[in-house]
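Okay, so here's the structure we're looking at.
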Amino acid sequence: EPEVTQTPSHQVTQMGQEVILRCVPISNHLYFYWYRQILGQKVEFLVSFYNNEISEKSEIFDDQFSVERPDGSNFTLKIRSTKLEDSAMYFCASSGSSGPQETQYFGPGTRLLVL
Amino acid sequence: AQKITQTQPGMFVQEKEAVTLDCTYDTSDPSYGLFWYKQPSSGEMIFLIYQGSYDQQNATEGRYSLNFQKARKSANLVISASQLGDSAMYFCATLGYQPGANNLFFGTGTRLTVIP
């Protein structure tokens with residue numbers, strides 16, 4: 001069964017450093033998303049991406065965040081200058097070609113710890 | 001604007017019994033989807049079940065069913081014949097079908113513990 005994959009599973013970084021989180025969405029999906037979950041809290045939407053551009057973003061997704069689809073398979077989230085409060089689980093998700101209302105399938109997440 | 005309320009921070013159920021996890025929502029979208037996801041201790045988010053706001057019948061997926069009451073804006077998850085592996089966090093979420101609202105909005109979750 002096709003699945004979303006994410007690398008790395010864990011990332012530890014120093015405050016102020018740049019991190020890139022990588023995702024490979026399900027191959028025939030067209031809509032891609034990043035969510036985050038601070039420890040013990042609910043999952044929060046960051047950004048959605050379709051047709052090589054951002055379609056929606058939340059207030060959390062400020063100028064330190066960027067997303068890219070560098071090739072036909074990868075979808076990345078870059079945090080330029082990490083802060084302590086960026087420590088969270090970051091989930092990538094994708095949904096199919098019928099429209100953004102389709103079910104979103106999540107990857108296993110990248111646990112980011114900023115020291 | 002969307003709001004999801006899961007009033008049960010924790011629930012216990014005996015193995016092989018059924019359990020209902022509550023979810024109420026508030027949305028201004030005329031059409032929307034309701035989703036339940038399971039998050040085991042390992043952290044991944046696993047899709048369980050989906051209900052469209054215009055679906056006439058309650059959704060079912062194996063041991064999972066969704067008790068959808070549109071007028072009451074509730075979308076409770078029913079797990080039948082609970083298994084030890086069902087112990088996890090369960091999140092209810094809505095998805096708007098309007099432009100600018102196509103992201104999942106999650107509740108705070110319910111931690112389910114299945115007792116042997």
Side-chain angles (χ1 to χ4, degrees), chain A residues 1-6 8-11 23 26 29-51 54-61 67 88-113, chain B residues 1-10 21 23 25 27 29-55 59 61 64 66 75 88-111:
Chain A
E1 186 173 325
E3 58 182 18
V4 178
T5 59
Q6 290 186 243
S9 57
H10 294 77
Q11 174 100 41
C23 169
I26 294 172
H29 282 184
L30 299 180
Y31 297 84
F32 314 119
Y33 312 83
W34 284 100
Y35 292 82
R36 80 171 185 191
Q37 184 182 32
I38 294 171
L39 187 65
Q41 299 186 21
K42 66 180 181 179
V43 178
E44 299 173 292
F45 168 72
L46 292 178
V47 65
S48 60
F49 192 87
Y50 170 71
N51 201 24
I54 290 173
S55 48
E56 293 175 55
K57 59 182 181 179
S58 72
E59 292 177 352
I60 303 168
F61 193 86
V67 289
M89 179 78 101
Y90 287 81
F91 292 103
C92 173
S94 69
S95 62
S97 55
S98 298
Q101 66 269 27
E102 280 203 32
T103 296
Q104 296 178 23
Y105 292 92
F106 282 67
T110 293
R111 194 174 295 279
L112 176 66
L113 178 60
Chain B
Q2 299 186 62
K3 183 178 179 182
I4 293 273
T5 302
Q6 294 182 256
T7 57
Q8 306 152 315
L21 306 184
C23 173
Y25 61 91
T27 178
D29 294 330
S31 62
Y32 49 90
L34 295 153
F35 298 80
W36 279 90
Y37 286 82
K38 172 184 178 181
Q39 187 177 41
S41 57
S42 49
E44 69 266 36
M45 294 288 286
I46 302 167
F47 165 71
L48 295 179
I49 195 167
Y50 157 80
Q51 176 88 41
S53 59
Y54 285 105
D55 292 342
E61 286 285 349
Y64 305 108
L66 206 153
M89 283 290 288
Y90 289 80
F91 291 96
C92 179
T94 61
L95 178 68
Y97 293 168
Q98 303 304 307
N102 302 132
N103 56 274
L104 287 167
F105 189 85
F106 286 86
T108 52
T110 295
R111 183 173 298 281

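By convention in this document, chain letters (A, B, ...) are assigned in the order of the sequence lines, proteins followed by strands, and residues within each chain are numbered from 1.
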Partners passing side-chain hydrogen bond (donor to acceptor under 3.5 Å, both in side chains) against B:Ser41 (at least two apart in sequence or in another chain): none
Qualifying residue for side chain to side chain contact (heavy atoms under 4.5 Å, CB included) with B:Leu104, from A:Phe106, A:Phe45, A:Tyr33: A:Phe106
Which bit of B:Gln6 is near chain A, if near means a heavy-atom gap under 4.5 Å: side chain, backbone, both or neither? neither
Shortest non-hydrogen contact from B:Phe91 to A:Lys42? CE2-CA, 4.2 Å
Side chain, backbone, both or neither: which part of A:Gln37 has a non-hydrogen atom closer than 4.5 Å to chain B? side chain
Supply the atom-to-atom distance A:Met89 CE to B:Met45 CE, rounded to the nearest 0.5 angstrom. 10.0 Å
From the list B:Ala93, B:Gly109, B:Gly43, B:Gly33, the residue making the most non-hydrogen contacts under 4.5 Å with chain A is B:Gly43
Among B:Phe35, B:Phe47, B:Tyr37, which residue meets the side chain to side chain contact (heavy atoms under 4.5 Å, CB included) test with A:Gln104? B:Tyr37
Residues in side-chain hydrogen bond (donor to acceptor under 3.5 Å, both in side chains) contact with B:Glu44, at least two apart in sequence or another chain: B:Ser42
Per-residue contact mode, B:Phe105 against chain A (heavy atom under 4.5 angstrom): side chain
After noting the C-alpha distance and the side-chain angles of A:Gln41 and B:Phe106, does the key distance pass the side chain to side chain contact (heavy atoms under 4.5 Å, CB included) rule? CA-CA 10 Å; A:Gln41 299 186 21; B:Phe106 286 86; over 6 Å; no
